[in-house]
Amino acid sequence: MKNGNGILRFLACGSVDDGKSTLIGHLLHLTGNLYDDHLRALEQESAQNGDNGGIMDYSLLLDGLTSEREQGITIDVAYRYFSTHRRHFIVADTPGHERYTRNMATGASRCDAALILVDAQLGVVPQTRRHALICALMGIRSLLFVVNKMDLVAWEERVFRGVEAQCGSLARDMERFGLLPADLTVVPASALLGDNLVSLSPGMPWYSGTTVMDWLNNISLWPGRAKAPPRFPVQYVIKVARPDGAWQEGVDEGMRQGTGIFRAYAGTVTAGSISQGEEVTVLPSGLRTRIENIWCGELPMTEARAGMSVLLSLEGEHDIVRGDMIIPGSDRVEVAHLFKVRLVWMDEQALFAGRRYRFRNLAGTATAEITRLRGKIDLSGYQRLEADQLSLNDIGEAELLLSRPIPFDPYHENRETGGFILSDLLSNATVACGMILHAMRRADTVRLQCAEVVPRERADLMGQRPCVLWFTGLSGAGKSAIANCLERKLHKLGRHTMLLDGDNIRQGLNKDLGFTEAGRIENIRRIGEVARLMTEAGLIVLTAFISPFRSERDLARDLIPAGSFIEIHVDTPLEECERRDPKQLYQMARRGEIPNFTGINSPYEAPEKPEIRIDTLAQPCEESADLVIRYLIAHNLL
Amino acid sequence: MKRTEPLQLLEQESIRIIREAVAEAERPVMLYSVGKDSSVMLHLALKAFYPMKPPFPLLHVDTTWKFREMISFRDQTAARLGMELIVHTNQEGVRRGVTPFTHDSRAYTEIMKTDALRTALDAGGFDMIFGGARRDEEKSRAKERVFSFRNARHHWDPRAQRPELWNIPNLARNRGESFRVFPLSDWTELDIWRYIGREQIPVVGLYFAAERPVVEREGQWIMVDDGRMKLAPGERPHMKMVRFRTLGCYPLSAAVVSRAVTIGGIIRELERTRNSERAGRLIDFDQAGSMEKKKREGYF
Ligand SMILES: Nc1nc2c(ncn2[C@@H]2O[C@H](COP(=O)(O)OP(=O)(O)O)[C@@H](O)[C@H]2O)c(=O)[nH]1
Ligand SMILES: [Mg+2]
């Protein structure tokens, strides 16, 4: 075998009848991957069903269920296997019908590339956008839009360019939503006649880009999994009594000798690699030990890499069970039980907050409750809309509370440890698949009260739109000065405001907190909660804290309704802050008298995309405050 | 062997599937049909649980019409590995004289295979049942999940399969319900042979070409394996160099003319062949959509 490129898993998706099954079937044929007896059967069947006047109906190769052939639609995924001189392929031909979105998601969940078909006559339709979104959410980084049925639009370039532009705007919406495929290409084709599948079509001399097959042969496999931090979820514990337990025939005598029990942990390395002798932590217990031996089948090895199903033995006797996670010592993994997640809803019964489901991921099962729905994603522009339920095939965001803490990674960092499913506690049906965005550390014991007066009504009484203006920046950057000035201006405009500052928070509410990492995180969490309560009371809240860590600011952002959290980066260079040094803190920090001082011996993580960035070198406080006011007016908040 | 090579990836994923099913099972069992796929599946199970014996028995549904060589290979294999082997035959069917010669292949399969399998599974109370089916074998198999839900009557509902996301199967089930688990779903016939070659896995000799007594029926070569085969007037077995691509009951498995006497020879033959594996399986063609129908009723 010359194809050292591994296996590429891809899917064909897009709306119903756009030609997915036809394309895959034709591709199999053109690459010489069909047997003669299959081809003969296909010719016969095409002639019988023949609504295509003697042309082969390649979709019959894929639509293998009786009801699919009767109805002429694809109901469930079909998997086909083929190879070229470049690599092996596993292709999932998925159903286009909205009703079978769960089967499309099934096909997509393990793929690295997607062909999204678009009918040239119809252009991008909502179902195209749904499938593209699911692909992107699943982490598929290579997308090929196939503008199909070019034969029905007389091979016209104008038509293709029109659809191509629609694909472009879909991609821009996706980017705005925060998802960006690594590789996005658009190709005109005819699945039925074979144009641009494996060779460039003479009918479309104006097109000189890639063919479908070239694209599949040449896209690079994403190395994400191999590079992510190592994880080893324990899948199964192997125990054999020495010397005469249930040993396989021919097992090395050394292994069976002695007394007690041979115990080792079977599982698949889901990311990175692990090595013999390495120190490890076992979660959730926190136990620390060392890897003694690694086997793959009967072969001893020194290292196991992502994707390998191996067996580990550890130093010492421990109580480790299925679902525990083994990770190399230097690495950290988060353990949490409250998450912000994305969901693809697959059940006829709508999701609503408060219902309980069974949660399952690689770390096992738990009972889950959706504590809060954080909106659903509208397909026409990939915007988050407010929603109080998710219906069949909706895609949305929610907060999920588990009955026990689990180790996890955000989905975009690790598909294996960041994905999960929810199932119905009674019927066992799978109701959703989900992706963990991040953990939330909200107190889970305080449940939302059913309020007679809702926040909106309080704000209406004050005639204003509440929001949080979150100032962040180095010590001495000018946060408090600008915030004070801004509050004065808002006050003059007749707005109800509240300024939270080091002075009124650190001395009171948070005086029990130190400056350790835990203390700082808790500090920000409380400020975020207070700010949230105050916005619910109808106020415009200004906060002025260094808040140096991105994750903490995101934590605060997540507490506040979408669009109402405005992050303002007071972006003054360190040299300038140190020159100003109004409280002589930098001097003290330089002398080593203040540990963990931001900018000196503790990092400041600048916001990547703040709503507002202020350059204090360029303008006085007054003007900076006006800048914020103009932003608020432009966004309908004033 | 490089880590990214397809065989390596397939092997590692199959091992993962086998472990997952056993971890979630109360009473797992492996259907062992003695064919090449079963041989590979069993080999993978040994790897998955090394150094422990796979914690489940093997189950063979014996129609009494299997090739004699298959039966001896089966018994040797179980003995060599020290694994429990359950052999089940539908005795009622035998008493009623149900044979591939007296009944059409559909009725025969229903009684001697599907019924027999359901009875054996109920008797053992098995809830995770490994099978060596591959998706590239047949169009309706191409549609089936790796972990395929069966109701308490062992029926498959292809229109309402559970979603199967990432490597997180939803194996929740109620009493009597079960899962058929197909660790070789993503393997092709060529993958199987390349792996058999790489791992030196023992397989039944019938896969290799040899001079065997055959008769020609409806354009297919049928081997005369024992005296129970009724010959038509004028029909005389003659020796021919043949092998089997797929093995079942001997009167229903056609041989192919071949000179492949080694694994390498088989691989080279398959790389060139223009015909599919199941072209020689007579029971697949008895009616349109027949495999799907049999599968719905509980057949593998
Ligand atoms: N004229 C023309 N018809 C096509 C083309 N591709 C598919 N079709 C037809 O469109 C219909 C739906 O195709 P199918 O592959 O089943 O679509 P799917 O639902 O996306 O899988 C069938 O009648 C095909 O023959 C094409 O490129 N040109
Ligand atoms: Mg289709």
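What you are looking at is a predicted structure, and each value in this text was computed from that prediction instead of being measured. Only heavy atoms go into these numbers, but all of them, side chains included; no hydrogens, no water, no symmetry mates.
Residues B:Asp191 and A:His88 are in side-chain contact: their nearest non-hydrogen atoms beyond the backbone lie under 4.5 Å apart. Side-chain contact between B:Leu165 and A:Met138: present, with at least one pair of heavy atoms (C-beta onward) separated by less than 4.5 Å. At a threshold of 4.5 Å between non-hydrogen side-chain atoms, the residues B:Met52 and A:Gln248 do not count as touching. Residues A:Leu311 and B:Pro51 meet the side-chain proximity criterion, which asks for heavy atoms closer than 4.5 Å. Put simply, the side chain of B:Lys143 reaches to within 4.5 Å of the side chain of A:Thr74, judged on heavy atoms. Side-chain contact between B:Arg159 and A:Leu65 is absent, with no heavy atoms from C-beta onward closer than 4.5 Å. Contact check for A:Tyr35 versus B:Thr273: side-chain heavy atoms found under the 4.5 Å cut-off. Taking 4.5 Å as the limit, every side-chain heavy atom of B:Pro6 sits out of range of all side-chain heavy atoms of A:Tyr81.
Residue B:Pro169 touches chain A through both its backbone and its side chain, counting heavy-atom pairs closer than 4.5 Å. For B:Glu292, the part sitting under 4.5 Å from any heavy atom of chain A is the side chain, from C-beta outward, and nothing else. Contacts of A:Val240 with chain B are made by side-chain atoms alone, with heavy-atom separations under 4.5 Å and no backbone atom involved. Residue A:Leu425 does not touch chain B at all, counting heavy-atom pairs closer than 4.5 Å. Of the two parts of A:Trp295, only the side chain, counted from C-beta on, holds a non-hydrogen atom closer than 4.5 Å to a non-hydrogen atom of chain B. Looking at B:Glu199, neither its backbone nor its side chain comes within 4.5 Å of chain A, counting heavy atoms on both sides. For a residue to count as touching a neighbouring chain, one of its non-hydrogen atoms must lie under 4.5 Å from one of that chain's; by this rule A:Arg256 does not touch chain B. Interface remark: B:Leu44 contributes no atoms to any contact with chain A (heavy atom separation under 4.5 Å). Of the atoms belonging to A:Leu61, it is backbone heavy atoms, and not side-chain ones, that fall under 4.5 Å from chain B.
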Q. Step by step, would you call A:Val251 with B:Tyr50 a side-chain contact (heavy atoms from CB on, under 4.5 Å)?
A. CA-CA 8 Å; A:Val251 164; B:Tyr50 178 88; 3.9 Å; yes
Q: Check the pair B:Lys139 / A:Arg69 against side-chain contact (heavy atoms from CB on, under 4.5 Å), numbers first and verdict last.
A: CA-CA 11 Å; B:Lys139 273 190 268 194; A:Arg69 302 154 90 78; 3.1 Å; yes
Q: Please step through side-chain contact (heavy atoms from CB on, under 4.5 Å) for the pair B:Asn167 and A:Arg110, ending with a clear verdict.
A: CA-CA 8 Å; B:Asn167 294 304; A:Arg110 300 196 57 202; 3.5 Å; yes
Q. Run the side-chain contact (heavy atoms from CB on, under 4.5 Å) check on B:Arg145 and A:Asp76 step by step: do they pass?
A. CA-CA 10 Å; B:Arg145 302 280 188 256; A:Asp76 214 326; 3.0 Å; yes
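The nearest pair of heavy atoms linking B:Gln12 to A:Gly307 is CB-O, 3.4 Å. Among all heavy-atom pairs drawn from A:Thr106 and B:Pro163, the shortest one is OG1-CA, 3.3 Å. Shortest non-hydrogen contact noted between B:Asn170 and A:Ala429 is ND2-C, 4.0 Å. The two atoms that bring A:Met308 and B:Gln8 nearest to each other are CE-NE2, 4.1 Å, heavy atoms only. Minimum heavy-atom separation, B:Trp166 to A:Phe420: CZ3-O, 3.3 Å.
Atoms CD1 and SG, on B:Ile168 and A:Cys433 in that order, are 9.0 Å from each other to the nearest 0.5 Å. Interatomic distance, OG of A:Ser309 versus CD of B:Glu20, reported as 10.5 Å (0.5 Å rounding). Atom CG in B:Asn275 sits 5.0 Å away from atom CG in A:Asp37 (nearest 0.5 Å).
Within 6.0 Å of the CZ atom in B:Arg80, the count of heavy atoms belonging to other residues, nucleotides or ligands exceeds 12. A 6.0 Å sphere centred on CD of B:Glu26 holds no more than 12 heavy atoms belonging to other residues, nucleotides or ligands. Within 6.0 Å of atom CZ in B:Arg153, 12 or fewer heavy atoms from other residues, nucleotides or ligands are found, so the atom counts as exposed in its surroundings.
When each of B:Leu10, B:Leu190, B:Leu46, B:Ile15 is checked for heavy-atom pairs under 4.5 Å with chain A, B:Leu46 comes out on top. The residue among A:Glu249, A:Arg102, A:Gln235 with the most heavy atom pairs within less than 4.5 Å of chain B is A:Gln235. Among A:Ile238, A:Asp63, A:Ile75, the residue with the largest count of heavy-atom pairs under 4.5 Å with chain B is A:Ile238. Considering only heavy-atom pairs separated by less than 4.5 Å from chain A, the leading option among B:Lys53, B:Arg19, B:Glu164 is B:Arg19. No other option in A:His38, A:Met346, A:Arg322 has as many heavy-atom pairs under 4.5 Å with chain B as A:Arg322.
Listed in order of number, the residues of residues 173-182 of chain B that approach chain A to under 4.5 Å between heavy atoms are B:Arg173, B:Asn174.
A donor-acceptor distance shorter than 3.5 angstrom exists from the side chain of B:Arg274 to the backbone of A:Leu34, with no hydrogens or angles considered.
With sequence neighbours excluded, the residues forming a ring-ring contact (aromatic ring centres under 6.0 Å, His included) with B:Phe56 are B:Phe130, listed by chain and number.
Within the cation-pi definition used here (under 6.0 Å to the ring centroid, within 45° of the axis), B:Arg135 qualifies as a partner of A:Tyr79.
Ion pairing between a basic and an acidic side chain is recognised when a charged N comes within 4.0 Å of a carboxylate O; B:Glu24 and A:Arg360 show such pairing.
Under the side chain to side chain contact (heavy atoms under 4.5 Å, CB included) rule, A:Ile90 has a single partner from B:Leu9, B:Thr188, B:Asp186, which is B:Asp186.
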